[in-house]
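First the proteins, then the strands, lettered A, B, ... as listed; each starts at 1.
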2 protein chains.
Amino acid sequence: MDGYDRQLLAALQADADQTAEQLTARVAASPSAIQRRIRRLKETGAIERTVAIASPRALGSPTFLVVSLEVERERPELMAHFRRWLAAEDQIQQAYYVTGNADFVLIVTATDMESYEALMSRMLAENSNVRRYHTNVMLGHVKRGMAIPVPGS
Amino acid sequence: MDGYDRQLLAALQADADQTAEQLTARVAASPSAIQRRIRRLKETGAIERTVAIASPRALGSPTFLVVSLEVERERPELMAHFRRWLAAEDQIQQAYYVTGNADFVLIVTATDMESYEALMSRMLAENSNVRRYHTNVMLGHVKRGMAIPVPGS
DNA sequence: GTTGAAAATAAATCAAC
DNA sequence: GTTGATTTATTTTCAAC
């Protein structure tokens, strides 16, 4: 991971559809070097994956919700079960383990509030260590991304 | 947007590095049809963009924070200013406008707590309508993604 | 790291069904 | 929608510097 790799990560986090040739405009290196490094970044896992960001409108403008929840942490096996449950649910986009009032913060999608409530009921039914949760319905977003800023860029 | 497009969106949200040929395994259509549709999905904006998901470890394991904040909403011009401010800050990955206790939920990255605090100070100094905020430091994540589930898939 | 050429792969375009 | 051929663009690999 040197300056070239960091510049590449910055560029590809913003737009992964650029060709090696186009990237020479942003990364001071030749197409050959760029191609080699991109492959290496993927091999080493510095680039975990490349994904298409879909427009919510194109998929029926689902409801998004921000859920903070508290769990009973005493039983490790229940926590492990809960994490697996979260990972398996497609409607749960993001699941973060946090400090503070809440233990988890989730970003959830649902076609409508009814389906959200069904998901939450199922969550409670299938995870006895979930104590309570608080829902914030998303009204809109200013920004949506996963890009991590790169030091030298 | 028919069944083919939805299947494609589902597949590309998970992995955008698949060739049209590889996609025939998941989308019951020929490579030609798949290529044509992918291009159309990008042109129409159904696919907003394609991005590389970088490993936080590769970028120095930054701290992630979930910030809920309350704003003074009375002055629309201040709100517009705040939204632009959020959009312009690289450290702010996601900014959601929500109902409930908080008005906004942010997902923020910082190299360390000091830089996070500097960002928040600057936020307050440059946005007089931000009333208060509450920080949840992220300890880890179970899941990190932007994929929207697709009805028929 | 670079350039440049060759080979392999994939995408784009088109015709015909 | 499909197949198959063609063209174009990109990636990959390599040699030489």
Side-chain angles (χ1 to χ4, degrees), chain A residues 1-61 90 145-153, chain B residues 1-60 145-153:
Chain A
M1 282 290 301
D2 57 10
Y4 293 111
D5 285 333
R6 279 191 289 273
Q7 284 181 17
L8 271 174
L9 280 177
L12 295 175
Q13 285 188 102
D15 179 9
D17 266 342
Q18 303 172 86
T19 66
E21 230 266 328
Q22 292 173 317
L23 284 165
T24 58
R26 305 182 168 278
V27 182
S30 68
S32 326
I34 289 174
Q35 283 167 167
R36 195 173 347 117
R37 280 164 181 276
I38 291 176
R39 195 163 50 80
R40 192 148 53 84
L41 289 171
K42 288 179 180 172
E43 281 169 4
T44 61
I47 291 176
E48 295 179 355
R49 61 211 163 96
T50 302
V51 299
I53 305 295
S55 158
R57 288 187 55 189
L59 290 169
S61 300
D90 279 359
M146 302 281 313
I148 299 167
V150 177
S153 123
Chain B
M1 281 292 300
D2 57 9
Y4 293 110
D5 285 333
R6 279 190 289 273
Q7 285 180 14
L8 271 174
L9 280 178
L12 296 175
Q13 284 188 101
D15 178 9
D17 266 343
Q18 303 172 86
T19 66
E21 231 265 328
Q22 292 172 317
L23 284 165
T24 58
R26 305 180 168 280
V27 182
S30 67
S32 325
I34 288 174
Q35 283 171 359
R36 193 172 349 115
R37 280 164 181 275
I38 291 175
R39 194 164 50 79
R40 194 148 51 83
L41 289 171
K42 287 178 181 172
E43 280 169 5
T44 60
I47 292 176
E48 295 179 354
R49 61 211 163 96
T50 301
V51 299
I53 306 294
S55 157
R57 289 187 54 187
L59 290 170
M146 301 281 313
I148 298 167
V150 177
S153 124

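When rounded to the nearest whole Å, the span between CD1 of B:Ile34 and C1' of D:dT3 equals 14 Å. For the pair A:Asp17 CG and C:dA12 C1', the computed distance is 15 Å after rounding to whole Å.
Annotation: proximity of residues 46-54 of chain A to DNA chain D (heavy atom, distance under 4.0 Å) is found for no residue.
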For B:Val51 and B:Met146, what are the C-alpha separation, side-chain angles and deciding distance, and is it a side chain to side chain contact (heavy atoms under 4.5 Å, CB included)? CA-CA 11 Å; B:Val51 299; B:Met146 301 281 313; over 6 Å; no
Evaluation steps, side chain to side chain contact (heavy atoms under 4.5 Å, CB included), between B:Glu43 and B:Arg39: CA-CA 6 Å; B:Glu43 280 169 5; B:Arg39 194 164 50 79; 3.0 Å; yes
Go through it in stages, so that I can follow the logic: the residues are A:Met1 and A:Leu41, the test is side chain to side chain contact (heavy atoms under 4.5 Å, CB included), and I'd like the CA-CA distance, side-chain angles, deciding distance and then a yes or no. CA-CA 9 Å; A:Met1 282 290 301; A:Leu41 289 171; 4.0 Å; yes
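By the 4.5 Å heavy-atom criterion applied to side chains, B:Thr50 and B:Leu12 are not counted as neighbours. Looking at A:Leu59 and B:Gln13, their side chains come closer than 4.5 Å, going by heavy atoms from C-beta outward.
In this structure, B:Ala16 and A:Ala52 approach most closely via the heavy-atom pair CB-N, 3.7 Å.
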Which letter, B, S or -, goes with each nucleotide of nucleotides 6-17 of chain D from 5' to 3', with contact meaning a protein heavy atom under 4.0 Å? ----SBBS----
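Judged by distance alone, the side chain of B:Gln22 and the main-chain N or O of B:Thr19 form a donor-acceptor pair under 3.5 Å. A donor-acceptor pair is defined here as one N or O able to donate and one able to accept, closer than 3.5 Å; such a pair exists between the side chain of B:Asp2 and the backbone of B:Asp5.
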